[in-house]
Number of protein chains: 2
Amino acid sequence: MSSESDDDPVFKALAHRRRREILDLLKEGPRTTGMLCETFADMDRCTVMQHLKVLEEADLVMAKKEGRERWNHLNSLPIKHIYDRWISAYAGHALSIIDRLKSDLEGQ
Amino acid sequence: MSSESDDDPVFKALAHRRRREILDLLKEGPRTTGMLCETFADMDRCTVMQHLKVLEEADLVMAKKEGRERWNHLNSLPIKHIYDRWISAYAGHALSIIDRLKSDLEGQ
DNA sequence: TTGACATGTTATGTTTTTATAACATAATGC
DNA sequence: GCATTATGTTATAAAAACATAACATGTCAA
């Protein structure tokens, strides 16, 4: 039922600042594509849509079409997933890292 | 003292599966560059070093030179940092997302 | 139905990443 | 010293990401 971790598209999607900004906005609530283009007026409309597509393929954004508008919803589950399966293992590690580096790197 | 969040290189560094694999290995303990190349024998040595450079620029790997060997240490603090400043905000959001999507997307 | 509006698709140029090769340095052991 | 080993540097080809333009579809409202 499970398989190779398929969180690559999520990490890839998060790698671009603009896409994280889109997610930050969608966290406040759904937005239409047009609203997003208005907010990010310095980006071409096509660029916004391309970023949306990347986010959608990573399952971070889910779209609901309503008439001629398209409402983009945030789905934060993939982020929670990579946290649970990957990032959390590093949070604990970080606690001891300063002491360890002090002895490893300076205690020469 | 603070400024624009400079976690872009961290997200970018995490975006490649190979680099995450390197971090996973370094989580077990420091490794020399040569040991890493042995472990990832299917990658060219130069490729491994290039990935190490990206990780180092993101401050995720710290190197300590010892004789003619170079020991690569994991630094997990940047990961903790992006968790604290960005990812954690989505973990809570994920809790309600299923219900919300059910009503938003299906309750048409 | 027709014109305006919101969105979608395809193609293309540009830049960045990724991977490798060839060459260079630098420390170790004989 | 000299060969070997470990790592570093520079150059370059291939692939992917990014941004935009031009064109296409589909919906609403008068």
Side-chain angles (χ1 to χ4, degrees), chain A residues 6-26 29-74 104-105 108, chain B residues 6-26 29-74 104-105 108:
Chain A
D6 192 24
D7 42 23
D8 231 27
V10 181
F11 275 108
K12 286 245 158 97
L14 296 182
H16 202 280
R17 177 186 301 267
R18 243 61 200 275
R19 288 195 289 265
R20 294 199 304 278
E21 287 171 356
I22 291 175
L23 293 179
D24 284 337
L25 188 58
L26 293 183
R31 296 283 188 278
T32 67
T33 304
M35 291 161 85
L36 289 172
C37 293
E38 256 185 280
T39 304
F40 301 101
D42 55 326
M43 255 191 292
D44 191 88
R45 185 181 62 88
C46 300
T47 306
V48 173
M49 290 192 61
Q50 220 169 27
H51 283 314
L52 276 175
K53 196 177 176 186
V54 173
L55 290 168
E56 209 175 353
E57 280 166 358
D59 204 30
L60 284 162
V61 163
M62 303 179 70
K64 179 194 183 185
K65 204 163 179 198
E66 214 168 75
R68 63 179 160 179
E69 287 179 330
R70 174 188 137 128
W71 288 87
N72 302 281
H73 296 249
L74 167 68
D104 282 3
L105 298 179
Q108 174 179 354
Chain B
D6 192 24
D7 42 23
D8 231 28
V10 181
F11 276 109
K12 286 244 158 96
L14 296 182
H16 201 280
R17 176 186 302 268
R18 242 62 198 276
R19 289 194 287 265
R20 295 199 304 277
E21 286 171 356
I22 291 176
L23 292 179
D24 284 337
L25 188 59
L26 293 183
R31 298 282 189 278
T32 67
T33 304
M35 291 160 85
L36 290 172
C37 293
E38 257 185 279
T39 304
F40 301 102
D42 56 325
M43 253 191 293
D44 191 88
R45 185 181 63 88
C46 301
T47 306
V48 173
M49 291 191 60
Q50 222 168 27
H51 282 312
L52 277 175
K53 196 177 177 188
V54 173
L55 289 168
E56 211 176 352
E57 280 166 358
D59 204 29
L60 285 162
V61 163
M62 302 180 71
K64 179 193 184 186
K65 205 165 179 193
E66 216 168 74
R68 63 178 161 180
E69 287 179 329
R70 174 189 138 128
W71 287 86
N72 302 282
H73 296 250
L74 167 68
D104 281 4
L105 298 178
Q108 172 182 354

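All chains are named by letter (A, B, ...) in the order of the sequence lines, taking the proteins before the strands, and each is independently numbered beginning at 1.
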Legend entry - Nearest-nucleotide 5' precedence on DNA chain C, M43(B) against G34(A):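 Here G34(A) is the residue nearer the 5' end.
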Legend entry - 5′-ward residue of the pair G67(A)/D42(A) relative to DNA chain D: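 Between the two, 5'-proximity favours D42(A).
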Atom [atom1] of [X] to atom [atom2] of [N]: distance rounded to whole Å?
X      : N       : atom1 : atom2 : answer
M35(B) : dT7(D)  : CE    : P     : 10 Å
R31(B) : dT7(D)  : CZ    : P     : 13 Å
E38(A) : dA6(C)  : CD    : P     : 9 Å
K53(B) : dT9(D)  : NZ    : P     : 7 Å
M49(A) : dT25(D) : CE    : P     : 15 Å
K65(A) : dC5(C)  : NZ    : P     : 18 Å

Inset, instruction - Answer with base, sugar-phosphate or nothing: what part of the nucleic acid does T33(B) contact at a heavy-atom distance below 4.0 Å? - result: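 Contact class for T33(B): sugar-phosphate only.
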Legend entry - Proximity to the side chain of K12(A) - top-ranked nucleotide from dT20(D), dA17(D), dT20(C):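 That would be dA17(D).
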Inset, instruction - Evaluate the side-chain proximity of F40(B) to T47(B): yes if any heavy-atom separation is below 4.5 Å, no if none is. - result: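 T47(B) does not reach F40(B) side chain to side chain.
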Inset, instruction - Check whether any side-chain heavy atom of L23(A) lies under 4.5 Å from a side-chain heavy atom of L14(A), and answer yes or no. - result: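 L23(A) reaches L14(A) side chain to side chain.
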Legend entry - Donor-acceptor pair under 3.5 Å, R68(B) side chain vs dT5(D) base: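 Present.
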Legend entry - Any N/O donor-acceptor pair, R45(A) side-chain to dG8(C) base, under 3.5 Å: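 Under the 3.5 Å cut-off, the side chain and the base do form a donor-acceptor pair.
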Inset, instruction - Mind checking the CG-CG spacing from L60(A) to L26(A)? Nearest 0.5 Å is all I need. - result: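 Here the interatomic distance stands at 10.0 Å.
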Inset, instruction - Kindly indicate, with the supporting measurements, whether the criterion side chain to side chain contact (heavy atoms under 4.5 Å, CB included) is fulfilled by K53(B) and Q50(B). - result: CA-CA 5 Å; K53(B) 196 177 177 188; Q50(B) 222 168 27; 5.5 Å; no
